[in-house]
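Structure first, commentary second.
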Amino acid sequence: MARLDVRVKTGLRAQAVYATERDTREEAVTIRELSLAGAVIEPLRGKPKDVFTLRAQLPPFGDVELKGDVVRMDNAHAAAVRLFYSDRTTSSTLWQYIRARLQPGEKCPYCG
């Protein structure tokens, strides 16, 4: 299936904050891939019960707080997440970061 948003590979450090069936967790994760609509993060050790928060710094554009839910997880604790946006500033900051990392002539930014 074709992607609607371009994606870029990253090594961004972030904090995932979420509730599980038993408790609330905050853990350090790495954002491996990022697009306007989703991300791949690892390691996510628990299974979020609901929408979770991902806090990251997108240098040099600033900090963002993203809301999302887990679409799938693998045995290595990597999670594919769908992101939701509540404001224009967050979307704009995220797009500036992604656009700055697009490399002309490399692999297709839609399909990798």
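Because the structure is a prediction, the values reported are computed rather than measured.
- In this structure, Val51 and Phe84 approach most closely via the heavy-atom pair CG2-CE1, 4.4 Å.
- Minimum heavy-atom separation, Leu83 to Ser35: CD1-O, 4.0 Å.
- The hydrophobic cluster containing Leu94 does not contain Val40, counting ILVMFWY residues as joined when their side-chain heavy atoms lie under 4.5 angstrom apart, directly or transitively.
- For the residue pair Leu12 and Gln57, the shortest heavy atom distance occurs at CD2-O, 3.4 Å.
- Using a cutoff of 4.0 Å between basic side-chain nitrogens and carboxylate oxygens, Glu33 and Lys9 are scored as salt-bridged.
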Audit row: Met73, Leu44, side-chain contact (heavy atoms from CB on, under 4.5 Å) steps and yes/no: CA-CA 8 Å; Met73 290 182 73; Leu44 191 63; 4.2 Å; yes
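- With rounding to the nearest 0.5 Å, the separation of CG in Leu58 from CG in Leu34 is 7.0 Å.
- Between the side chain of Thr30 and the backbone N or O of Arg13, no donor-acceptor pair lies under 3.5 Å.
- Identified under the salt bridge (Lys or Arg N to Asp or Glu O under 4.0 Å) test for residues 79-88, with sequence neighbours left out: Asp69-Arg82.
- Closest of all the heavy-atom pairs between Leu102 and Val8 is CD2-CG1, 3.8 Å.
- Listed by chain and number, the residues in a salt bridge (Lys or Arg N to Asp or Glu O under 4.0 Å) with Asp23 are Arg25 (sequence neighbours excluded).
- At least one donor-acceptor pair closer than 3.5 Å links the side chain of Glu27 to the backbone N or O of Arg45.
- Judged by the 6.0 Å and 45° rule, Arg99 forms no cation-pi pair with Tyr97.
- Shown here are the side chain to side chain contact (heavy atoms under 4.5 Å, CB included) partners of Ala80, two or more places apart in sequence or in another chain: Arg72.
- You'll find the side chain of His77 stays beyond 4.5 Å of the side chain of Glu42, heavy atoms only.
- To the nearest 0.5 Å, atom CZ of residue Arg55 and atom CG of residue Leu66 are 11.0 Å apart.
- A donor-acceptor contact shorter than 3.5 Å links the side chain of Tyr18 to the backbone of Gly46.
- Heavy-atom minimum distance, Phe52 versus Val17: CB-O, 3.4 Å.
- Side chains of Thr53 and Lys67: a donor-acceptor N/O pair is present below 3.5 angstrom, by distance only.
- Separating the CD atom in Glu65 from the CG atom in Leu54 is a distance of 9.5 Å, to the nearest 0.5 Å.
- Taking every heavy atom of both residues into account, Ile31 and Ala14 meet most closely at CD1-CB, 4.0 Å.
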